[in-house]
**Student:** 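A single structure is presented below for examination.
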Amino acid sequence: MNSSLKEIPCVTLSLETLQPILLRNLKQYFSHVEVEVTACPDLTEKPFQFPLSNISEGASLDVGGPQNLTPRPNLEKKYSPTQLLELCNILQIPNGVIFGPCAGPFWEVEQLCEMVACKKSSLGKSNSFIGLVDTNTQKAVCKPTMSNNFGFVGNFFVTWAEKSSSVLKIKVSKRLRDENFTGSIRKAIAESFPEQVISLGGLFTVSNATVNCHVVQEFSSSSLETAGNVNNWLQLVKFFAFKSPMTFACVMHCFDPGYKLCMEHSHGLNEGLGQLGHYHSDLEPELVEYEGVFSLASKIIRIDMPEK
């Protein structure tokens, strides 16, 4: 892993400051809105059922980027959460656990895949999942993996594993606009804090509606330097209308001060239904219900920023 990194300080805010802003501003995106600051629930229980008991304050890690896939995939871009946690130790960042969305270990799976990573401590085991498209049936597959590796791009939140803390809990339903759940949160914050570096990490669930997700399944056979080649490759990106409920790991930023940040990245799963993919939106705005818990990052660590 290229060890080049930059530390980007975030605006100092409290959850209590964001709570009334989100409560007010999210009402233009959803018919029903609840926002509160509360103790983090046990995330291993319903509705989240994620392999992580709680989240607290921490830092966001932005690794690589989609640029590593164009114009041809840079197959040298291989990373490890273990390395990231060791790096956090050096930077004295609380790092009991790292979780978030990333591209899976393509060199191990032998095809492109999506990943939801979750790893407790640099010495602990992985509780991660990969999602891919079965090349024979073209159906989605979700399975646990003990791999500690990912490729190309990853967005993570690093936090204490067992420290109890308050979180921002957001419950909304009946989407009113085209903006998806994460996009509406980012815009709701940016309305009150324009061009301010604010970063959140957490989990959210989608229930009572189908979910539009993609799973990238293979590399482009041609250089992605023209619009035509890009469009041809996008035909290989498999979109699914996944059934709910699904739980998503999410990292999002409200402003990029010039570091080629991935502004929002969410991967979610329902292991029992064999579903894991990259979140785009729900497909039934009249029915959808979202519930999320988020914490604020004190800084964004930009790792291996693409040159292009």
**Student:** Could you check whether any side-chain heavy atom of T205 comes within less than 4.5 Å of a side-chain heavy atom of F48, counting everything from C-beta outward?
**Tutor:**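 In contact.
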
**Student:** Does I185 form a side chain to side chain contact (heavy atoms under 4.5 Å, CB included) with L22? I'd like the steps, not just the answer.
**Tutor:** CA-CA 7 Å; I185 292 174; L22 285 167; 4.2 Å; yes

**Student:** What is the ring orientation for H278 with H265, classed by angle as parallel under 30°, tilted 30 to 60°, or perpendicular over 60°?
**Tutor:**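 The rings of H278 and H265 sit tilted, inter-plane angle from 30° to 60°.
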
**Student:** In chain order, what residues pass the side-chain contact (heavy atoms from CB on, under 4.5 Å) check against F255, with sequence neighbours excluded?
**Tutor:**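 F255 satisfies side-chain contact (heavy atoms from CB on, under 4.5 Å) with E195, V197, P257 once adjacent residues are dropped.
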
**Student:** Classify the ring geometry of F152 against F106: parallel below 30°, tilted from 30° to 60°, perpendicular beyond 60°.
**Tutor:**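 Judged by the thresholds at 30° and 60°, the geometry between F152 and F106 is parallel.
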
**Student:** Do R302's NZ or CZ and the ring of Y259 fall within the cation-pi criteria of under 6.0 Å and 45°?
**Tutor:**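 No cation-pi geometry.
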
**Student:** Quick check against the 3.5 Å criterion: does D62 have a side-chain atom that pairs as donor or acceptor with the backbone of C262?
**Tutor:**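 Yes; at least one donor-acceptor contact below 3.5 Å.
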
**Student:** Measure the spacing between CG of D178 and CZ of R175 and express it to the nearest 0.5 Å.
**Tutor:**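 It comes to 6.5 Å.
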
**Student:** Should S60 and F156 count as side-chain neighbours, where that means a heavy-atom distance under 4.5 Å?
**Tutor:**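 No. Closest side-chain heavy atoms not under 4.5 Å.
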
**Student:** Using the six-membered ring wherever Trp is involved, compare the ring planes of F50 and F99 and label them parallel, tilted or perpendicular (cut-offs 30° and 60°).
**Tutor:**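 Aromatic pair F50/F99 classed perpendicular.
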
**Student:** Check whether N208 reaches the backbone of V288 with its side chain - one donor and one acceptor, N or O, closer than 3.5 Å.
**Tutor:**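 No; judged by distance alone, with no hydrogens or angles, the pair does not exist.
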
**Student:** Strictly below 4.0 Å, N to O, side chains only: are E291 and K169 in salt-bridge contact?
**Tutor:**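 Yes.
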
**Student:** Hey, does V206 have a side-chain heavy atom less than 4.5 Å from the side chain of Y290?
**Tutor:**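 The answer is yes, as the side chains (C-beta and beyond) meet within the 4.5 Å cut-off.
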
**Student:** Are T135 and Q111 packed together at the side-chain level, in the sense that at least one heavy-atom pair is separated by less than 4.5 angstrom?
**Tutor:**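 Counting from C-beta outward, T135 and Q111 do come under 4.5 Å.
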
**Student:** Return the CG to CG distance between L276 and L132, rounded to the nearest 0.5 Å.
**Tutor:**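 That separation rounds to 9.0 Å.
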
**Student:** How long is the straight-line distance from CG of L43 back to OG of S53, given to the nearest 0.5 Å?
**Tutor:**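 One finds 7.0 Å between OG of S53 and CG of L43.
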
**Student:** Quick check: does any side chain N or O of E284 sit under 3.5 Å from a backbone N or O of T210, one acting as donor and the other as acceptor?
**Tutor:**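 Looks like yes, one N/O pair under 3.5 Å.
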
**Student:** Measure the spacing between CD1 of I189 and OG1 of T17 and express it to the nearest 0.5 Å.
**Tutor:**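 With rounding to 0.5 Å, CD1 (I189) is 11.5 Å from OG1 (T17).
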
**Student:** I need the minimum non-hydrogen distance between S184 and E179, along with the two atoms involved.
**Tutor:**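 So the minimum-distance heavy-atom pair works out to N-CG, 3.4 Å.
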
**Student:** Taking transitive links into account, so neighbours of neighbours count too, which hydrophobic residues share a cluster with L176 at under 4.5 Å side-chain distance?
**Tutor:**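 Listed partners: none, L176 stands alone.
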
**Student:** Do the side chain of N212 and the main chain of S281 share a donor and acceptor less than 3.5 angstrom apart?
**Tutor:**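 Flag not set: sc N212 to bb S281 has no pair under 3.5 Å.
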
**Student:** Hey, are E191 and Q28 close enough side-chain-wise for a donor-acceptor pair under 3.5 Å?
**Tutor:**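 Side chains of Q28 and E191: pair found under 3.5 Å.
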
**Student:** Could you tell me which residues satisfy side-chain contact (heavy atoms from CB on, under 4.5 Å) with V11, sequence neighbours excluded, listed by chain and number?
**Tutor:**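 Here the qualifying residues are L13, Q196, I198.
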
**Student:** Using modelled atom types only, decide if a donor and an acceptor are shared between the side chain of T44 and the backbone of P51 within a distance under 3.5 Å.
**Tutor:**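 Pair absent, no side-chain N/O of T44 close to backbone of P51.
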
**Student:** For C250, give me all partners under side-chain contact (heavy atoms from CB on, under 4.5 Å), at least two apart in sequence or on another chain.
**Tutor:**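 Applying side-chain contact (heavy atoms from CB on, under 4.5 Å) to C250 gives T182, F204, M252, E264, S266, F294.
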
**Student:** Please walk me through it: do L23 and Q19 pass side chain to side chain contact (heavy atoms under 4.5 Å, CB included)?
**Tutor:** CA-CA 6 Å; L23 182 62; Q19 185 270 336; 3.9 Å; yes

**Student:** Could you work out, with side-chain contact (heavy atoms from CB on, under 4.5 Å) as the rule, every residue matching T145, not counting sequence neighbours?
**Tutor:**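 Counting only residues at least two positions away or on another chain, T145 forms a side-chain contact (heavy atoms from CB on, under 4.5 Å) with M115, S128, I130, S147.
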
**Student:** Take the angle between the ring planes of F240 and F242 and call it parallel below 30°, perpendicular above 60°, tilted in between.
**Tutor:**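 Ring orientation of F240 relative to F242: parallel.
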
**Student:** Of all residues at least two apart in sequence or in a different chain, which pass the salt bridge (charged side-chain N to carboxylate O under 4.0 Å, His left out) check with K27?
**Tutor:**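 Partners of K27 under the salt bridge (charged side-chain N to carboxylate O under 4.0 Å, His left out) test: none.
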
**Student:** Is there a donor-acceptor contact under 3.5 Å from the side chain of S295 to the main chain of S56?
**Tutor:**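 A pair under 3.5 Å: yes.
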
**Student:** Using a 4.5 Å cut-off on heavy atoms from C-beta on, say whether the side chain of F248 contacts that of F181.
**Tutor:**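 No; the side chains remain at least 4.5 Å from each other.
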
**Student:** Go through the steps for H214 and Y279 under the test ring-ring contact (aromatic ring centres under 6.0 Å, His included), then give the verdict.
**Tutor:** CA-CA 7 Å; H214 84 239; Y279 169 76; over 10 Å; no

**Student:** So how far is it from L75 CG to K78 NZ, rounded to the nearest 0.5 Å?
**Tutor:**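 Going from CG on L75 over to NZ on K78, the span is 7.5 Å.
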
**Student:** Does the side chain of L18 come within less than 4.5 Å of L296's, by heavy atoms?
**Tutor:**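 In contact.
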
**Student:** When you group the ILVMFWY residues by side-chain heavy-atom contacts below 4.5 Å and let the links chain together, are V63 and M305 in the same group?
**Tutor:**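 Per the 4.5 Å side-chain linkage, M305 and V63 are not co-clustered.
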
**Student:** Counting C-beta onward and ignoring hydrogens, is there a side-chain heavy-atom pair between L61 and I98 closer than 4.5 Å?
**Tutor:**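 Yes, at least one pair of side-chain atoms sits under 4.5 Å.
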
**Student:** Can you tell if the side chain of K174 reaches within under 4.5 Å of the side chain of H32, non-hydrogen atoms only?
**Tutor:**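 No, every pair of side-chain atoms sits at 4.5 Å or beyond.
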
**Student:** Under the side chain to side chain contact (heavy atoms under 4.5 Å, CB included) criterion, do V251 and L200 qualify, and how do the steps go?
**Tutor:** CA-CA 6 Å; V251 178; L200 298 92; over 6 Å; no

**Student:** Checking side chain to side chain contact (heavy atoms under 4.5 Å, CB included) for the pair L26/I170: CA distance, chi angles, key distance, verdict?
**Tutor:** CA-CA 10 Å; L26 283 175; I170 302 173; 3.9 Å; yes

**Student:** Salt bridge check, K77 against D304: does any charged N sit closer than 4.0 Å to a carboxylate O?
**Tutor:**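 Yes, this pair counts.
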
**Student:** Scan side-chain atoms only and decide if H253 and S199 contain a donor-acceptor pair under the 3.5 Å cut-off.
**Tutor:**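 Present: a donor and an acceptor within the cut-off.
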
**Student:** Ignoring hydrogens and angles, tell me if any N or O in the side chain of D256 forms a donor-acceptor pair with the backbone of K260 under 3.5 Å.
**Tutor:**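 It does hold such a pair.
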
**Student:** What pair of heavy atoms forms the shortest contact from V116 to A249, and how long is it?
**Tutor:**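 Between these two residues, the closest heavy atoms are CG1-CB, 4.1 Å.
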
**Student:** Measuring from C40:SG to D42:CG, what's the distance to the nearest 0.5 Å?
**Tutor:**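 Taking SG in C40 and CG in D42, the distance rounds to 8.5 Å.
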
